[in-house]
Amino acid sequence: MMFMKWRHSAIMLLINACCFSSCQQQLKEEISMNEIIEQKVDSLLAQMTLEEKVGQMTQVRHFDDISDNDIASKFIGSVIHTQGPLPGKGAAEWQSKFIELQKQALSTRLAIPLLFGVDAVHGQNTYEGATIFPHNIGLGAAGNPDLVERTAAITAIEAQATGFTWVFSPCVAIPYNEKWGRVYEAFSESTELTTKLTKASIRGHQGELSERETVMATAKHFVGDGSTDFGVEGGNTSLSSEHVTQRLLPPYQAAVKEGVGSVMASFNTLDGKSMHAHKALITDTLKGSMGFDGIVVSDWKGYSRFGETGIINAGIDMVMAVDGDLEDYQSGLKEAVENGTVPQERIDDAVKRILRQKYRLGLFDHPFPDTTLIGKIGIEEHRAIARQAVRESLVLLKNDNSALPLKKKAKIVVVGEFADNSGFQSGGWTVNWQGSTESYKGATTILEGIKDLSEAEVIYDKDGSGNHEGAEAAVIVVGETPYAEFFGDIGGEMDLFQHTLTEAHQNLIESYRSKGLKVVVILISGRPLVTTEQIEQSDAFVAAWLPGSEGDGIAQVLFGDHDFKGKLPHSWPKSVEDYKGKYGPNFWDDSIEPLFPFGYGLSYR
């Protein structure tokens, strides 16, 4: 027995020694590669003119912002695709457009390749036919880091397949008020959960960054975007510096440790100062204390919106010079360097950061997209992961009278236009910036999923006219129409949405409550809504968030093929009175009692 113990110990020591040796070798290789990259960056930087440096610090759209030869003549460093004309009809044409622009960049004296960026925030959501995952709030409800990593890795593949090397994701905000129009872009009100899922998302997107199936990720928006007073997009964040440090910065610290390639500055103000011009936080904290060595990129029209060259001195490295900003930005920045307003060292630091990431991505060796990846867009393997994400994101808030699971042999009536519309179920940032009110290619609606699994007749009552004869249960799908950014803010001039269901959707539930059927309500929304009365009226109530392209994942749980796993990533409000103050009924504010606490969620068990 003593011999066996000794033998086991010896084997373990040998294994540990081998692992240690392997780790040492890997570390040496990483250090060596970083040293090589730094040498290449320094060598290239030494050859650059001021015009070439300013060009590298410039990001433009592939249409409107540039003329035929601007990529080469203005030494552009990056191209962004967002709302507007598409690069082509299909992925091959998208790649072809970006290859054409890349060739222009490579025709310049120093042949520095372009970065191609896109707002792929829940899949490659700018491309119709891609796999669209639940928005981050749903992934926060799932709370599964491995799943988040897999969804991010698939997003990277499908982004690369359409020609992109850089995604503006993940959003790592901590929402303090559900009036904010971007709540669904963030994982949770919990700093701990957000931090955990942030790390997973970055690992998934970036992987081994130089590989052809990965992209550079972006942690955004730095910092305080989700915690503005009264949830106003781009408003003022009046939290103390201690609170910011303890609650808002940890996800960014985690992102930096994971090697995130870029960080995007926020629209909000903090300490009475625009975050784009907040040197103490961008340069001293993010780049200094945290050790971030990647690119700090502005948000939309950052130059003209936030103090022109002052944002460069604060630490912004690349500017979205869009919608008419290009000429003013480049000429203004060159003049500011020449007259000493912006130090040459600040320009060199910015350009080094940009070149460093281009080398890390392997763009100098492989500047063009991989055509073989096109066949992976929207494939079944990817959609299966998306369905898993949908299933795990669903939060069961109520289940009385054995309303769920549904019986496959029972006649069901499915109610409401949201039940058969993949645009509604996916929310903003889906095909279009503000989302779509129509179904899009490749997606499966909730109704289609129910019909596919049911072994009996399924009636569809789109407008709530009452066609339900013989049905045992009614599945009523209600929710918010798509929105993005400030268009989704609740309150003020942009008060397009109430913090509860529309009167029409409330009436759908009310009308079916009196018909003697079991009433199952599915809520499609980008945030918790005040639905206290509707929850009382229903037999079962499910928070489905914004599930994306795989609506059949919802049906799989409703019929009991899979159990409910989701837990609330936000506490659930009891009444509209909960939002009279600066913040909503978050779990950290004991003065507001929620209807359901953070982490709540039932299951069939």
Participant: With a 4.5 Å limit on heavy-atom distance, are the side chains of Val319 and Ile311 in contact?
Facilitator: yes

Participant: Between Thr285 and Ala280, is there a donor-acceptor pair closer than 3.5 Å when you use the side chain of the first and the backbone of the second?
Facilitator: yes

Participant: Between Asp42 and Arg356, is the closest basic N to carboxylate O distance under 4.0 Å?
Facilitator: no

Participant: Has the side chain of Glu158 got a donor or acceptor atom that lies under 3.5 Å from a matching backbone atom of Ile377?
Facilitator: no

Participant: Please determine, by modelled atom types, if Glu485 and Trp433 share a side-chain donor-acceptor pair under 3.5 angstrom.
Facilitator: yes

Participant: For Gly181, does its backbone N or O pair with a side-chain atom of Asp489 as donor and acceptor, under 3.5 Å?
Facilitator: yes

Participant: Determine, for Lys74 against Glu327, whether the closest basic-nitrogen to carboxylate-oxygen distance falls under 4.0 angstrom.
Facilitator: yes

Participant: Donor-acceptor check, side chain of Asp370 to backbone of Thr372, threshold 3.5 angstrom: yes or no?
Facilitator: yes

Participant: Should we say atom CD of Glu335 is surrounded by more than 12 heavy atoms from elsewhere, each under 6.0 Å from it?
Facilitator: no

Participant: Where do Ala265 and Ile316 come nearest, in terms of heavy atoms and distance?
Facilitator: CB-CD1, 3.7 Å

Participant: Find out whether Gln56 and Arg353 are in side-chain contact, i.e. whether some heavy atom of one side chain is under 4.5 Å from a heavy atom of the other.
Facilitator: no

Participant: Go through the steps for His122 and Thr430 under the test side chain to side chain donor-acceptor pair (under 3.5 Å), then give the verdict.
Facilitator: CA-CA 8 Å; His122 65 140; Thr430 309; 3.1 Å; yes

Participant: Please round to the nearest 0.5 Å and tell me the distance separating atom CE of Met264 and atom CZ of Phe222.
Facilitator: 14.0 Å

Participant: Say you draw a straight line from OG of Ser188 to CG of Leu193; how long is it, rounded to the nearest 0.5 Å?
Facilitator: 4.5 Å

Participant: Treating Glu128 as the side-chain partner and Ala130 as the backbone partner, does any N or O pair qualify as donor plus acceptor under 3.5 Å?
Facilitator: no

Participant: If you measure from the Lys or Arg side-chain nitrogens to the Asp or Glu carboxylate oxygens, is any gap between Lys199 and Glu258 under 4.0 Å?
Facilitator: no

Participant: Would you check if there is a donor-acceptor pair between the side chains of Ser304 and Tyr329 at a distance under 3.5 Å?
Facilitator: no

Participant: Should the pair Glu213-Lys376 be classified as a salt bridge under the 4.0 Å nitrogen-to-oxygen rule?
Facilitator: yes

Participant: Once rounded to the nearest 0.5 Å, what's the spacing between atom NZ of Lys334 and atom CG of Asn339?
Facilitator: 13.5 Å

Participant: Taking Gln388 for the side chain and Leu147 for the main chain, is one N or O donor matched with an acceptor at less than 3.5 Å?
Facilitator: no

Participant: Is the closest side-chain donor-acceptor distance between Asp348 and Gln344 under 3.5 Å?
Facilitator: yes

Participant: Do Glu185 and His135 meet the criterion of a side-chain donor-acceptor pair at a distance under 3.5 Å?
Facilitator: no

Participant: Salt bridge or not between Asp293 and Lys352? Use side-chain N to carboxylate O under 4.0 Å.
Facilitator: no

Participant: In the structure I gave you, are the side-chain heavy atoms of Phe306 and Ser274 within less than 4.5 Å of one another anywhere?
Facilitator: yes

Participant: Are any of the side-chain heavy atoms of Val260 and Thr218 separated by less than 4.5 Å?
Facilitator: no

Participant: Of the non-hydrogen atoms in Lys220 and Phe168, which two are nearest, and what is the gap between them?
Facilitator: NZ-O, 2.8 Å

Participant: Should we count CD of Glu381 as having more than 12 external heavy atoms under 6.0 Å?
Facilitator: no

Participant: Indicate whether any N or O donor in one side chain lies under 3.5 Å from an N or O acceptor in the other, for Thr269 and Asn236.
Facilitator: yes

Participant: Without swapping roles, check the side chain of Thr165 against the backbone of Phe116 for a donor-acceptor pair under 3.5 Å.
Facilitator: yes

Participant: Would you say the side chain of Arg182 lies within less than 4.5 Å of the side chain of Cys171, judging by non-hydrogen atoms?
Facilitator: no

Participant: Verify the distance criterion only: is there a donor paired with an acceptor across the side chains of Gln124 and Thr126 at less than 3.5 Å?
Facilitator: yes

Participant: Within this structure, what is the OG1-CZ distance for the pair Thr198 and Phe187, rounded to the nearest 0.5 Å?
Facilitator: 5.5 Å

Participant: Please test Tyr176 against His243 for ring pair (Phe, Tyr, Trp, His ring centres under 6.0 Å), starting from the C-alpha separation and ending with a verdict.
Facilitator: CA-CA 12 Å; Tyr176 275 35; His243 199 111; 5.7 Å; yes

Participant: Distance only, no hydrogens: is a donor on one side chain within 3.5 Å (strictly under) of an acceptor on the other, for Arg383 and Thr131?
Facilitator: no

Participant: Give the minimum heavy-atom separation between Ile132 and Asn125, together with the two atoms involved.
Facilitator: CD1-CA, 3.5 Å

Participant: May I ask you to check whether Thr214 and Glu208 show a side-chain donor-acceptor distance below 3.5 Å?
Facilitator: no

Participant: Would you say the side chain of Leu239 lies within less than 4.5 Å of the side chain of Ser227, judging by non-hydrogen atoms?
Facilitator: yes

Participant: Side-chain contact test, heavy atoms from C-beta onward, threshold under 4.5 Å: evaluate it for Gln330 versus Ile76 and give yes or no.
Facilitator: yes

Participant: Indicate whether any N or O donor in one side chain lies under 3.5 Å from an N or O acceptor in the other, for Trp166 and Ser78.
Facilitator: no

Participant: Counting only heavy atoms from other residues, nucleotides and ligands, does the tally under 6.0 Å from NZ of Lys279 exceed 12?
Facilitator: no

Participant: Is the distance between the ring centroids of Tyr127 and Phe164 under 6.0 Å?
Facilitator: no

Participant: Starting from the C-alpha separation in whole Å, work towards a yes-or-no answer on side chain to side chain contact (heavy atoms under 4.5 Å, CB included) for Lys301 and Met320.
Facilitator: CA-CA 6 Å; Lys301 288 178 71 69; Met320 291 188 188; over 6 Å; no

Participant: Okay, side chain of His276, backbone of Ser266: is any donor-acceptor separation there less than 3.5 Å?
Facilitator: yes

Participant: Got Met48 and Leu355 here, is their nearest side-chain heavy-atom distance under 4.5 Å?
Facilitator: yes

Participant: Is the shortest side-chain N to carboxylate O distance from Lys287 to Asp349 below 4.0 Å?
Facilitator: yes

Participant: Does a sphere of radius 6.0 Å around CZ in Arg346 hold more than 12 heavy atoms from other residues, nucleotides or ligands, not counting ones at 6.0 Å or beyond?
Facilitator: yes

Participant: Ignoring hydrogens and geometry, is there a side-chain-to-backbone donor-acceptor pair from Asn144 to Asp146 under 3.5 Å?
Facilitator: yes

Participant: Return yes if some donor-acceptor pair links the side-chain N/O of Ser393 with the main-chain N/O of Ala141 below 3.5 Å, else return no.
Facilitator: no

Participant: One pair to check against side chain to side chain contact (heavy atoms under 4.5 Å, CB included): Asp365 and Tyr359. What are the steps and the verdict?
Facilitator: CA-CA 8 Å; Asp365 296 324; Tyr359 275 114; over 6 Å; no

Participant: Of the non-hydrogen atoms in Ala386 and Pro134, which two are nearest, and what is the gap between them?
Facilitator: O-CD, 4.3 Å

Participant: I need the Ile80 CD1 to Leu115 CG distance, nearest 0.5 Å.
Facilitator: 12.0 Å

Participant: Identify the two heavy atoms, one from Ile174 and one from Thr191, that lie closest to each other, and give their separation to 0.1 Å.
Facilitator: CD1-CA, 3.9 Å

Participant: Let me confirm one number: the CG-CZ distance from Leu361 to Arg212, rounded to the nearest 0.5 Å.
Facilitator: 11.0 Å

Participant: So does Gln47 have more than 12 non-hydrogen atoms from other groups sitting under 6.0 Å from CD?
Facilitator: yes

Participant: Is it true that the side chains of Thr228 and Asn268 contain a donor and an acceptor less than 3.5 Å apart?
Facilitator: no

Participant: Between Trp300 and Asp323, does any side-chain donor sit less than 3.5 Å from a side-chain acceptor?
Facilitator: yes

Participant: Taking all atoms of both residues into account, what is the closest heavy-atom pair of Thr283 and Gly315, and its distance?
Facilitator: OG1-CA, 3.6 Å

